[in-house]
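Letters go in sequence order (proteins before strands), and every chain restarts at 1.
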Amino acid sequence: MTPGARLAAIVGALGLVLGLAGTAALFVGSAAVTPASVLAVLAGSERAEAVAVVVVLDLRLPRIIVAALAGGALAVAGVGFQALTRNPLAEPSVLGVASGAAFGVVTGQLFGLGLSVLEAIGLTAFAFAGAFVAGGAVYLIASTAAGLPVHTLLLAGVIVGIFFSSAITVLISIVDTNRLGGVIHWLLGSVAPIPPGPLLVFAALTAIGVALIGSQARRLNLLALGEEAALQLGVDAEAVKRRVFVGAALLTAAVVAFAGPIGFVGLIVPHALRMLLGPDNRVLVLAALLGGGVFLLAADTVARSLVAPAELSVGVITSFCGAPVFVALLRSRGARGQA
Amino acid sequence: MTPLLELRGVSFAYPSPGEGRGRAPFQIRELSFAVEEGEILGIIGPNASGKTTLIRLLSRVVAPARGEILLEGAPLTRLTRASVAQRVAVVPQDVPRGFPYTAGELVLMGRFPHAPGRFFESDEDRAAAREAMELTGVLDLAHEPLDRLSGGERQRVVLARALAQRPRLLVLDEPTAHLDLRYQAEAVGLLRRLNAEAGLGVVLVSHDLNLAAEVSHRLLLLDRGSAVSLGPPESVLDEQTLEAVYGCRVTVEKHPSSRRPVVHVVWPEPDMARKG
């Protein structure tokens with residue numbers, strides 16, 4: 001099988017799983033809508049003002065799309081950060097980049113930015129600025145002449161994350177909480193339905209981020225050999241790193257702006273896919289886009305049905321899954337003496 | 001005839017990490033030499049004599065502060081990284097193993113400079129990789145993850161990657177460091193064959209004076225960034241010069257079969273040292 005055919009098969013299979021998961025999720029939720037009426041809505045035979053139509057098409061469907069986009073974007077951002085730092089533990093929340101983006105979003109909300117199309121772009125710009133500053137700070141703190149040592153990088157991420165979380169707390173404390181509606185729920189990472197206009201913006205930003213990282217995938221494979229080896233093989237390492245950092249920061253920013261800082265998706269999904277499919281970034285980027293969607297969709301479905309009719313934040317579920325994976329990865333690297 | 005590689009008065013200094021503390025950053029000073037097509041040039045010298053820096057200069061990882069490096073007559077700094085990598089391949093001492101690529105995937109990476117815009121390698125690229133793996137005897141290992149290979153196997157895989165680049169100049173960094181005797185002999189045989197048949201130019205950087213003397217047409221002896229001597233092994237491996245550069249006593253003999261020079265260290269007697 002040629003590499004292209006293999007990639008097509010993987011994308012086809014994961015796409016199918018995502019489609020099935022998305023369809024299944026349409027039937028799950030706290031509102032009492034029978035499977036039969038969900039089918040009727042999908043077949044277009046329900047009256048437009050019926051409760052079932054509102055629940056399925058205006059609440060569940062957008063939420064499913066947000067979950068799939070956010071999960072995919074976070075997983076691809078994880079692949080990007082991991083290739084960039086040559087460290088399988090790197091990921092938006094671990095690196096503190098998500099906290100930086102969250103600080104940006106809260107700041108943007110203070111300026112009154114909401115979720116109309118233009119305001120959503122503005123909000124993402126704030127988030128991107130936050131992610132960029134946080135990522136740059138982590139890099140400057142952790143970089144040594146010998147590269148980015150694993151433990152220093154993780155500690156720098158924790159420190160920067162704590163700094164921006166504290167800054168968010170300060171903002172929330174001094175501002176009338178009503179202006180930051182549902183901020184606590186959002187800060188835990190939640191997936192809520194958003195209107196079609198902003199949803200399109202979210203999808204477009206995700207596409208740009210994925211394209212930025214995906215176009216560098218082959219070069220990222222070479223970068224895994226170390227910067228010097230990559231240069232010797234003809235890779236313009238600085239340009240690759242710039243593009244991938246911008247792409248990963250943009251994906252993080254978009255997810256934080258449209259869904260909240262959901263942790264660990266960028267750790268779990270690339271790790272699982274790497275075990276299944278190998279370390280080739282050309283395969284991983286697209287597989288992570290789809291696989292991340294499946295994962296977050298499943299996590300969100302669990303989050304909204306576990307304690308129904310109440311809801312958990314999806315970030316709680318992903319963190320519960322992510323913590324043991326993180327520990328396992330850290331221990332296995334330590335055991336091999338490469339940490 | 002234009003030499004394959006030519007250095008003209010090359011000097012280099014790393015940016016100073018902090019003024020006034022530690023030792024001064026290492027430098028290459030006024031270095032000039034050429035490598036002809038089909039020549040094997042051995043570069044020897046004690047630790048910190050500039051061997052590693054020289055490899056980084058030749059592969060355009062860093063650029064000279066003064067002087068210039070010409071690759072087939074063209075200044076290295078004016079060429080793109082990919083076009084340098086099409087002609088100069090470096091065999092490092094080892095590869096990092098953070099992400100578990102297979103040997104085959106690693107060798108295919110050597111094809112990158114020939115079509116950097118391509119997303120997947122072509123059939124031609126795969127054929128070149130397979131041929132290179134056959135040459136270094138690692139075709140059986142193509143599907144093995146790198147971290148399951150021994151140091152010697154990995155080194156032959158890395159050599160295959162360099163050959164897959166189809167370079168004009170091969171730069172070897174301690175090529176036999178992880179190889180046992182059999183593969184050392186095979187590596188030397190392969191090197192000589194490629195050199196003789198394909199006219200491949202080779203820069204061999206090694207601590208192993210005897211290997212360098214055996215394989216190289218000429219030797220360049222470096223000390224603290226400057227050339228001490230350059231010429232055929234018989235003239236460079238001179239007892240007095242080596243003793244001055246390495247700071248220990250040596251004797252030089254002739255290899256019983258190849259008639260090349262062989263350097264022996266005269267180990268100090270512990271008793272004499274104690275009595276002082």
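Side chains of B:Asn47 and B:His207 form a contact here, defined as non-hydrogen atoms less than 4.5 Å apart. For the pair B:Val61 and B:Ser59, the minimum side-chain heavy-atom distance is below 4.5 Å. In this structure, A:Tyr139 and A:Leu153 have side chains that are not in contact, with every pair of non-hydrogen atoms separated by 4.5 Å or more. Looking at heavy atoms from C-beta onward, A:Ser99 lies out of side-chain contact with A:Val160 at the 4.5 angstrom threshold. B:Leu54 places a side-chain heavy atom less than 4.5 Å from the side chain of B:Leu31.
The number of heavy atoms from other shown groups lying within 6.0 Å of CZ (B:Phe119) is above 12. Annotation: B:Arg118, atom CZ; neighbour count of heavy atoms from other residues, nucleotides and ligands within 6.0 Å is above 12. B:Phe120 CZ: more than 12 foreign heavy atoms inside a 6.0 Å radius.
By number of non-hydrogen pairs under 4.5 angstrom with chain A, the leading residue of B:Met109, B:Glu105, B:Gln165 is B:Met109.
Partner B:Ile43 forms a side-chain contact (heavy atoms from CB on, under 4.5 Å) with one of B:Val205, B:Ile55, B:Asp173, B:Leu204 and no other, that one being B:Val205.
Proximity to chain A among residues 80-93 of chain B is limited to B:Arg81, B:Ala82, B:Ala85, B:Val88, B:Val90, judged by heavy-atom separations below 4.5 angstrom. Inspection of non-hydrogen atoms places B:Arg126 of residues 126-143 of chain B under 4.5 Å from chain A. Within residues 261-282 of chain A, the residues having any heavy atom closer than 4.5 Å to a heavy atom of chain B are A:Arg274, A:Pro279, A:Asp280, A:Asn281, A:Arg282, listed by residue number.
Classification of A:Arg218 and B:Glu121 as a salt-bridged pair holds, one side-chain N sitting under 4.0 Å from a carboxylate O. With salt bridges taken as basic N to acidic carboxylate O contacts below 4.0 Å, none links B:Glu153 and B:Arg148.
Applying the salt bridge (Lys or Arg N to Asp or Glu O under 4.0 Å) test to every pair with at least one member in residues 4-19 of chain A, sequence neighbours left out, gives no pairs at all.
Of the inter-residue distances, the one linking A:Leu284 atom CG with A:Ile213 atom CD1 reads 12.0 Å to the nearest 0.5 angstrom.
Only the side chain of B:Leu106 comes within contact range of chain A, with at least one heavy atom under 4.5 Å from a heavy atom of that chain.
Listed for the B:Arg60 side chain is no donor-acceptor partner under 3.5 Å among the backbone atoms of A:Gln232.
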